[in-house]
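A quick write-up on the structure given underneath.
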Amino acid sequence: MNPDQIPKSYDAPATEERWYRFWEERKFFAASDGSSAPRFCIVMPPPNITGSLHMGHALTNTLQDIVVRWKRMQGFNTLWVPGTDHAGIGTQNVIERQLAKKKIHRNDLGREKFEQIVWEWKEQAEKTIHHQLRRMGFSCDWSRVAFTMSPQLSRAVREVFVTLYEEGWIYRGEYMVNWCPRCTTAISDLEAQHHPEQGHLYYVRYPLQNSGDSVTVATTRPETMLGDTAVAVHPDDDRYRNLVGKILILPLLNREIPIISDSIVQKDFGTGALKITPAHDPNDYQAGLRHQLPLVQVIDESGKMTAQAGPYSGLSREQARQKVLHDLKEQGFLIKTEPYSLSVARCQRCNTVVEPLVSTQWFVKIAPLAEPAIAALETGRIRFIPANYERVYFEWMRNIHDWCISRQLWWGHRIPAWYCEACGRMLVSRTDPERCPHCGEAELRQDPDVLDTWFSSALWPFSTLGWPEKTRDLELFYPNSVMMTGFDIIFFWVARMIMMGIHFMGEVPFGTVFLNGLVRNEQKQKMSKSKENAVDPLEIIDQYGTDAVRFTLAVMTGAGSDIIFSTDRMIGYRSFANKIWNAVRFLLLNLPEDASPVSADEARELASGRSLSTVNRWILHRLNAIVAEVNEDLGKFRFDESSNALYHFFWHELCDWYLELSKPVLNLKSGEDHEQTIKTMIYVLDVSLRALHPFMPFITEDLWQRLPHQGESITVAPYPMPDAGLTNPEADREMNQIIDFVTSVRAVRSENNLDPARKLPVELVVASQQRHQLQRYQPAILALGRLSEIRLVEAFHEDGNHLRGFSAMGEFALVAETEVDRQSELERLKREVAKIREEMERQTRKLSNEDFLRKAPQPVIDLTRGKQAELAAKLEKLSAELTRLGG
RNA sequence: GGGCGCUUAGCUCAGUUGGUUAGAGCGCCUGCCUUACAAGCAGGAGGUCCGCGGUUCGAGCCCGCGAGCGCCCACCA
């Protein structure tokens, strides 16, 4: 082949552009539901439609794609549904931020106009997703990108809501919920993130009515005192026993509040007296219910003080705190202030401090739904990888609280409940009602709230397959084969999918849950947009190529551990891509015009025939071992092991040894060995490319198409499977000896700084059997050791310029033309002797231990004995050499 | 307050049921433009496997205690 036809190095962008177009046009990735093949399905978690794809998504989705490509090549009928669920707060925030740039608030637009804007924006977002999926090399069915707000998925959401409502699992009620004053919506417990922050503990004196006495309470949130409706003390607290039932005067507002007795108070915290603010603290709310205390709401939905806060009305929470403190101090009620570390809840989406507020919300009574979901893991119908996350799951599921599903947002699935203006009754319905079924009036007002994003996400494994219709997809691909996602959303998503799946499908949504770690940056920090340390995967792809990025992600995905994003590794695997490119290039430059593909059967025939050289037998043996390992590791989701095995094999066995050993054969240009070596090489590279394809889709396709191959695309070519007919331990042993010999020669040469460009003769003293082998491999050894000739001798010339070396094949001497640095060679030998002595010592100690001889298994003892003998022999030779050099 | 995890080479990490001299990539040092690849090739240095104790013929791995770090959950003012 003309060398100009294949460039000297891998050009990722050109290759990528060519092949994703090709795949897209051929529609290789569409599921063919007519086939009787075994099925494999992954429903993909959402790529981030709200902005650029982030590294976490890139990781999860890459791992999924590796598995899907692997399964597809194995002949599975695969379906991979990509999609996005952005029916909620995240999306609304993105849109609001965009509007804010134009100085528009959503209130200026009104709900309908706002929704319209999101729909327009969604068109663009879908294009973005499509682009991202392509760049990452994902083999999903492009035509099936699922979008939660689509009419079909909306229908599924409504169906689930109404069914759960009818079954009594959904209820509406007034409770204290986490409220984000910036998003002006309720959020679930999970969305409120607690972090320790440095604050203060304020001691405030509340005077007793008609008395000079007072009670001092400690609080971290002085502004909430405006809403206090009691002060509580512990029933067993002697200090306050006779004060229970007395009345206190709330400072600043001069309201009368009672002293009550309740065991939620901890006697030894603060002063032992606790102010009770039922409207602004979950514990106090409960206490308020127990003691029938009034609710005094002093903070409103947007975090401003209400009219109830008297003179503080209209101030923000923060301003009110300052003013309250100022006033308390001025009027002598603030006793002292201590620094105090407290846990502050912030909104997951916008980081605003969450305000507990009482409001009417929709809830899912979730404990009963959780039970079968717990059982699914207990009985092993669902299995987590790594398994230790099962414990986390159990812990949460067994202590699960009712799930607040309503959100006061403008974007999302609207709750299908209507209120009749005429009779005031509520109606929950699958279809938009025309009129009230109770009184017949048409004046119906739909509940303004929307559902939590995760409510619709929970339906993903079946809603994306067409449910509630009984579709063919659903029949074929439910339950999904495997769920792959980050461990950080076990509760948000995985647990809820399991509950909903079991409840509505009567069957678990997937059998295996694979959880990958987080992607961190080189300082080990979590990558996040708010910290501005996030890396855009598409930019990294521009820099290193998709194949290198995918391979890096795979190789760094250890079992259950986070991955540290490293540019160095990326560079290394970009080099690997180049290595692959050049290995194939090497073959192409040596390929006869009429070369044809080599099938697995042909390869087996070659391997079982008599004439195939040991080198070729050896590489087929190694190839087969790697294929077996990769399949096994991928089955266990060991992406690191499988990719590493391929990397090591390709670079350090195939390229470093096999191709080098084959060069002398290829130079022959003809003959049986030449012909068979070409065939072997075609086969080995073909199999290697197919084995690598799930990890590096682009380069493998490109090279595979250039090699003799069978089939339209490597994407639909069979994945290599182990074949016992290729194993050959004999060839493996023999080659290892040659490799060891060449390595020893090189080491001696290198350690003595002998210029490799200068060809040196080597003399060998060897046993007869090895002599035969050495003759056979002479050309390869000459080439790899950069030697001019090999002389097989019975005994060495006693020449001072001979450098002795040892390998399993025998003792050898390099004949140097110049004076050898005797001193440094002596030192080197001495160092080596010391090392061997030490090692021998260890073996001897073992063998002189009677317990070891009595209790250790025989193979271990034999191994130790053999090793000791080997070391002894080597020591003897080294000592002789030392003597010879006059040491 | 509960739970989970981590600590191995300068850096990032493997090390599967305990058994050869604890490995890899990057980095470092030395020598090479050898007609696939300098994004390359060959060779080399570098480790008290966090500490202490225990089990065992034998421990990086199992058990106990301790130290440091990280994460998750939980309503403690």
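In what follows, chains carry the letters A, B, and so on, assigned in the order in which the sequence lines appear, proteins first and then strands, with residues in each chain numbered from 1.
Atom name P, nucleotides B:G31 and B:A36: the rounded distance is 25 Å, in whole Å. Spacing between B:G23 and B:G5 at atom C1', rounded to whole Å, works out to 23 Å. B:C49 and B:A59: their P atoms are spaced 12 Å apart (whole Å). On the P atoms, B:G27 is 12 Å away from B:A39, given to the nearest whole Å. The gap from the C1' atom of B:A22 to that of B:C61 amounts to 11 Å, rounded to the nearest Å. Rounded to a whole angstrom, the distance from the P atom of B:A24 to that of B:C71 is 32 Å. When the C1' atom is compared between B:U8 and B:G51, the two are found 15 Å apart, to the nearest whole Å.
Evaluation of the ring pair (Phe, Tyr, Trp, His ring centres under 6.0 Å) rule for A:Phe384 yields A:Tyr393 as partners, not counting sequence neighbours. A:His652 is linked by a ring pair (Phe, Tyr, Trp, His ring centres under 6.0 Å) to A:His648, counting only residues two or more places apart in sequence or in another chain. With sequence neighbours left out, the salt bridge (charged side-chain N to carboxylate O under 4.0 Å, His left out) criterion links A:Glu641 to A:Arg638. With sequence neighbours left out, A:Arg746 forms a side-chain hydrogen bond (donor to acceptor under 3.5 Å, both in side chains) with no residue at all. With sequence neighbours left out, A:Asp228 forms a side-chain hydrogen bond (donor to acceptor under 3.5 Å, both in side chains) with A:Tyr206, A:Lys275, A:Thr277.
Proximity note for A:Lys579 (side chain, C-beta onward) versus B:A77, B:G43, B:C37: the nearest is B:C37. Relative to the side chain of A:Arg746, the nucleotides B:C72, B:G43, B:A77 differ in distance, and B:G43 lies closest. In the set B:A36, B:A39, B:U12, the nucleotide with an atom closest to the side chain of A:Cys655 is B:A36. Closest contact between the side chain of A:Arg585 and the listed nucleotides B:U12, B:G15, B:A36 involves B:A36. Each of B:A77, B:C4, B:C57 was ranked by its minimum atom distance to the side chain of A:Asn388; first place goes to B:C4. Comparing atom distances between the A:Asn849 side chain and each of B:A36, B:C57, B:A77 picks out B:C57 as nearest. The A:Leu190 side chain lies nearest to B:C73 when the options are B:U34, B:C73, B:A77. Nearest nucleotide to the A:Val392 side chain, out of B:G43, B:C72, B:C73: B:C72. Taking only side-chain atoms of A:Leu589, from C-beta outward, the nucleotide of B:C57, B:A36, B:A42 with the closest atom is B:A36. The side chain of A:Tyr647 sits closest to B:G25 out of B:A39, B:A77, B:G25.
Counting any heavy atom pair closer than 4.0 Å across all strands shown, A:Thr864 reaches no nucleic acid atom. Within 4.0 Å of A:Pro857, counting heavy atoms only, lies at least one base atom of the nucleic acid. Residue contacts shown for A:His401 are absent, as no nucleic acid heavy atom lies under 4.0 Å away. Within 4.0 Å of A:Asn578, counting heavy atoms only, lies at least one base atom of the nucleic acid. Among the heavy atoms of the strands lying under 4.0 Å from A:Glu839 are primed sugar atoms or P, OP1, OP2 only; no base atom is included. Contact annotation for A:Val265: base contact, defined as any heavy-atom pair under 4.0 Å involving a base atom. Contact annotation for A:Asn399: no contact, since no heavy-atom pair falls under 4.0 Å across all strands.
Between A:His194 and A:Val344, every side-chain heavy-atom pair lies at or beyond the 4.5 Å cut-off.
Not a single donor-acceptor pair, N or O on each side, falls under 3.5 Å between the base of B:A42 and the side chain of A:Glu660. Taking 3.5 Å as the limit, the base of B:C75 and the side chain of A:Asn283 contain a donor-acceptor pair of atoms between them. Between the base of B:C76 and the side chain of A:Gln266 there is a donor-acceptor pair shorter than 3.5 Å.
Contact check, A:Lys663 against B:A36: a side-chain N or O comes under 4.0 Å of OP1 or OP2. Taking only side-chain nitrogens and oxygens, A:Lys8 never comes nearer than 4.0 Å to OP1 or OP2 of B:U35. OP1 or OP2 of B:G15 lies within a sub-4.0 Å distance of a side-chain N or O belonging to A:Arg638. Side-chain nitrogen and oxygen atoms of A:Ser575 include at least one within less than 4.0 Å of the OP1 or OP2 phosphate oxygen of B:G40. Side-chain N/O atoms of A:His648 include none lying less than 4.0 angstrom from OP1 or OP2 on B:G25. Residue A:Arg391 places at least one side-chain N or O closer than 4.0 Å to OP1 or OP2 of B:C4. Applying the 4.0 Å criterion to OP1 and OP2 of B:C75, one finds that A:Tyr285 has every side-chain N and O outside that range. For the OP1/OP2 pair of B:C41 and a distance below 4.0 Å, the side-chain nitrogens and oxygens of A:Trp651 include at least one atom meeting the criterion.
For an aromatic pair to be called close, the ring centres must be under 6.0 Å apart, and A:Tyr647 with A:Tyr573 satisfies this.
With no hydrogens or angles considered, no side-chain donor-acceptor pair links A:Ser341 and A:Glu197 at under 3.5 Å. Donor-acceptor pairing under 3.5 Å is recorded for the side chains of A:Asp702 and A:Thr15. With hydrogens and angles left out, the side-chain atoms of A:Tyr175 and A:Asp402 include no donor and acceptor closer than 3.5 Å.
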Symbol by symbol from the 5' end, with Watson-Crick or G-U pairs under 3.5 Å, [ ] crossing and | another strand, RNA chain B is (((((((..((((.....[...)))).(((((.......))))).....(((((..]....))))))))))))....
